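Everything on this sheet refers to the single structure shown next.
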Amino acid sequence: MKRLLTVSICLLTLITSTVFAQEQKMGEIRGDFQTDFQLYQEDSLIGAPPVPEKFLMNGYLNLSYTKGDFSAGMRYEAYYNALLGFDPRYKGNGIASRWASYKHKDFEITAGNFYEQFGGGTLLRSYEDRSLGIDNSIDGFKIIYSPVSGIYLKGLVGQHRYFFDKGQGIVRGADAEINLNEMFEKWKDKSLRLTFGGSFVSKYQTDKDPIYNLPENVGAFAGRVTMQYKKINMFSEYAYKINDPSAINKQIYKDGQALFLSGSYSTKGFSALLSLKRIDNMNFRSDRTATGNMLQINYLPSLTRPHAYSLSAFYPYATQANGETAVQGQVTYKIPKNTKLGGKYGTDITLNFSRVHDIQRNAINDTISIGQSGTLGYTSPFLKIGDELFFQDFNLAFGRRLNKNLRLIAEYVYIVYNPEVIEGHAGNMVHAHTGVLDLTLKLKNKKSIRCELQHLYTEQDEGNWAMALIEFAVAPKWSFGVQDIYNYGNSNSDKRLHYYLLSFSYTHNSSRMAISYGKQREGIVCVGGVCRNVPASNGLLVSVTTNF
Amino acid sequence: MKRILLIIISGILLTSLHAQKAKSTIPSVTIRNLDGVQVNTADFSNDGKPFIISFWATYCKPCVREFNSLTDVYEEWQEETGVKLFAISIDDSRTSNNVLPFINGKGWEFDFYLDVNSDFKRAMNVNLVPHTFICNGKGEIIWQHTSFAEGGEMEMLEILRGLLIEEKE
């Protein structure tokens, strides 16, 4: 393996040098660094575990070289050891990815690690999200070709990255997309815009299971349509997967399905959006034994609003790939400026609602229980919604500029959260009401003060929380912040704790250093419905990012 | 592993020796506009005038603050410098269908694009959003900045004015 890597990098360097020798012209080198390190203090009160190393660090370096149609790059990663909350199998250092690519007009070929997404990603999405410790890049070959304007073809073969190694399974995929408005001259200026797409993805993994006879090749396909007509936009994607018993679905032989529908109407100052989703047994990984966030072939985002304020984001939703039915609606309206309600500058109002239920599951017969391993698991009528509520979010937000220098955002969020399903442990359904006030005051000489006041009310879980933040910034370089999150409503008086946090950041162009010192509550960090648990911690966190 | 690193570092040093002090240009990546049409980012231009490329997301509060602030001054800036703003949303398929309704709801009037799998973000070595680049009329990147605080837009205006003076000279 190492020899292969060495040879490929030698080749890369050789090609690069040859290119220089031939043309004596420099290509472009780009790169970026990120390093996060934390000094940990034990804090049994908040449940911060002892860290034997005291100091943990994650580091990343991306380097790429481009010369005309040719480009190549690599990523170096180091974990000494991985920060708490990241998978500890990220250990030591190594070249996490390396690639070379040639792109000429409508043709592109890549060898090595690459990222890709077919349509909405319901069937295939390979991506990186460092905050979640996700990097499911595919190591292999990828070809993209557009034979005529409006037709786009993609093909790929490879294996997923698995920490500093590769996953067992082989992923093969093809995608075709036709954009009628680009393809036909007559359609070019039509108000109706139509795009069709179709994908096929299969994985191969040997079957060594002593009990079950498992499919070694698992195929899946998907179709999608995007339509735009004047102010109306619609997107739909349907995916189907053949039986794929795995650790996640508890070895059932049921086929999988996913349907996603989204429609919106929008005009200047007003928009309405409605989305629907149904997932049934659609966990799709290149290794049937994989769990957590590893080796995922497809991407099933949650149909809920991502919250940005600390207390609103206390109870985030994570997609249940084994089955869920979800709906989300949103209306946005800008009350025009210079009106009684809108004020001098206008007022933004956003109303958002989402609700996620289980799918309806019926027993196959009297002798097989629902979800029993080694069977077809259950039957599920497509249009019926299961009784169990997983998650609900109703939120209303106002944004208004009060005068030339003062902006106000006010938000109310009501969340119903099922910890048994989302976190996988017993617990009562949580009903949480959160209010947020965010005021930004612009001062002279690029200075500003921002203040956040938040309150979360709930009779379940850890009870009520209050939060206050003051941030002083001197744009574009300096920022200082002080915040406290106080669990004053905890039913256990010993746990009515303050989580103080001091923060500082210095930004110079594209380089940024952020330092924070204080306590971090145990919680879940989620991006796009994919989550990771973050344990409680107390200490100094430093994050440095730069690019060149 | 050490050998591999040694080769890479030698490679970089070798290339650095050849380095000319050229400004970076915009890499060629395929993204989509809001009509779903594929666009090559290397073709971004503004008729010889400077332009801004700004990476953002609907769920990123500082990004929204940045665009609100820029909206207040955009018309004036366009008159003064002829600048154009290419706004690149990195919303993935969870929220990408909300980008157009979101923009319309806010009343923003920039040139919007979707980078749903962050291909362009990676190619531009963007770590965090908001991240803003200013390019001169030739499409060369002459300034970039990550994060946003109120008043930060004034530095951008200073850079754009500096570009105008350079061009006149």
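Chain letters run A, B, ... following the sequence lines, proteins first, then strands; residues in each count from 1. In this text the structure is predicted, and so the values were computed from the model without any measurement.
A distance of 3.0 Å separates NZ in A:Lys103 from OG in B:Ser28, rounded to the nearest 0.5 Å. If you take OG on A:Ser126 and CG on B:Asn117, they are separated by 7.0 Å, rounding to the nearest 0.5 Å. Distance check, rounded to the nearest 0.5 Å: CG of B:Asn125 to OG1 of A:Thr546 gives 10.0 Å. Atoms NE2 and OG, on B:His131 and A:Ser510 in that order, are 5.0 Å from each other to the nearest 0.5 Å. Separating the CG atom in B:Asp119 from the CD atom in A:Glu116 is a distance of 7.0 Å, to the nearest 0.5 Å. Between atom CG of residue A:Asp348 and atom CZ of residue B:Phe102 there is a gap of 8.5 Å, rounded to the nearest 0.5 Å.
With chain B as partner, the option from A:Ser271, A:Ser266, A:Ser146 having the largest number of non-hydrogen pairs under 4.5 angstrom is A:Ser266. Counting heavy-atom pairs closer than 4.5 Å to chain B, the top-ranked of the candidates A:Glu128, A:Lys447, A:Arg305 is A:Arg305. Heavy-atom pairs under 4.5 Å with chain A peak, among B:Gly107, B:Ser147, B:Gly152, at B:Ser147. Residue with the most contacts toward chain A among B:Asn68, B:Val126, B:Val64: B:Asn68 (heavy-atom pairs, distance under 4.5 Å). With chain B as the partner, the residue from A:Glu108, A:Glu471, A:Glu182 showing the most heavy-atom pairs under 4.5 Å is A:Glu182. With chain B as partner, the option from A:Gly269, A:Ala473, A:Gly399 having the largest number of non-hydrogen pairs under 4.5 angstrom is A:Gly269. With chain B as the partner, the residue from A:Lys334, A:Arg125, A:His508 showing the most heavy-atom pairs under 4.5 Å is A:Arg125. Your options are A:Gln228, A:His307, A:Glu237, and the one with the most heavy-atom pairs under 4.5 Å with chain B is A:Gln228. Counting heavy-atom pairs under 4.5 Å between each of B:Arg32, B:Met124, B:Met154, B:Met156 and chain A puts B:Arg32 at the top.
Interface remark: A:Gln117 contributes backbone and side-chain atoms alike to the contact with chain B (heavy atom separation under 4.5 Å). In this structure, chain A has no heavy atom under 4.5 Å from any part of B:Thr132. Only the side chain of A:Leu273 has a heavy atom closer than 4.5 Å to any heavy atom of chain B. Interface remark: A:Phe260 contributes side-chain atoms only to the contact with chain B (heavy atom separation under 4.5 Å). When heavy atoms are compared at a cutoff of 4.5 Å, A:Asp438 approaches chain B solely by way of its side chain, counted from C-beta outward. The part of A:Phe235 that comes within reach of chain B is its side chain, from C-beta onward, which places non-hydrogen atoms under 4.5 angstrom from that chain. Using a 4.5 Å cut-off between heavy atoms, A:Tyr309 touches chain B through its side chain atoms alone. With a 4.5 Å cut-off on non-hydrogen atoms, A:Ser479 does not touch chain B at all. Interface residue A:Arg193: only side-chain heavy atoms are found under 4.5 Å from chain B. Of the atoms belonging to A:Gln330, it is side-chain heavy atoms, and not backbone ones, that fall under 4.5 Å from chain B. Proximity to chain A (any heavy atom under 4.5 Å) is shown, for B:Ile103, by neither the backbone nor the side chain. Of the two parts of A:Tyr345, neither the backbone nor the side chain holds a non-hydrogen atom closer than 4.5 Å to a non-hydrogen atom of chain B. For B:Trp143, the part lying near chain A is the side chain, with the backbone staying farther off; criterion is any non-hydrogen pair under 4.5 Å. With a 4.5 angstrom heavy-atom cutoff, B:Ser96 does not touch chain A via any of its atoms.
Residues B:Gly151 and A:Ala475 come closest through the heavy atom pair C-CB, 3.8 Å. Here the shortest heavy-atom pairing between B:Glu150 and A:Ser448 reads CB-CB, 3.7 Å. A:Asn179 approaches B:Gly36 most closely through the heavy-atom pair ND2-O, 3.7 Å. In plain terms, the two heavy atoms of B:Ala123 and A:Arg30 that are nearest each other are O-CD, 3.6 Å. Here the shortest heavy-atom pairing between A:Ala308 and B:Tyr59 reads CB-O, 3.7 Å.
Checked options B:Glu153, B:Glu155, B:Glu158; the residue passing with A:Lys446 is B:Glu158 (criterion: salt bridge (Lys or Arg N to Asp or Glu O under 4.0 Å)).
Checking side-chain atoms of B:Arg94 against main-chain N and O of A:Thr304 turns up a donor-acceptor pair under 3.5 Å.
Crowding of B:Lys61 atom NZ: a count of heavy atoms from other residues, nucleotides or ligands under 6.0 Å exceeding 12. The neighbour count for A:Lys268 NZ, taken as heavy atoms of other residues, nucleotides or ligands under 6.0 Å away, is above 12.
Residues B:Asp92 and A:Tyr127 have side chains not in contact (no heavy-atom distance under 4.5 Å, counting atoms from C-beta outward). Inter-residue side-chain proximity for A:Arg512 and B:Asn127 is flagged as unmet; no heavy-atom pair is nearer than 4.5 Å. Using a 4.5 Å heavy-atom threshold, the side chains of A:Arg450 and B:Arg65 count as touching. Counting heavy atoms from C-beta outward, B:Asn104 and A:Phe270 have side chains that stay 4.5 Å or more apart. Here the side chains of B:Thr146 and A:Thr507 are in contact, with some heavy-atom distance below 4.5 Å. When side chains are defined from C-beta on, A:Thr66 does not count as touching B:Pro27, because their heavy atoms never get closer than 4.5 Å.
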Inset, instruction - Give the C-alpha distance, both sets of side-chain angles, the deciding distance and a yes or no for salt bridge (charged side-chain N to carboxylate O under 4.0 Å, His left out) between B:Asp72 and A:Lys442. - result: CA-CA 14 Å; B:Asp72 293 343; A:Lys442 199 171 165 180; over 6 Å; no
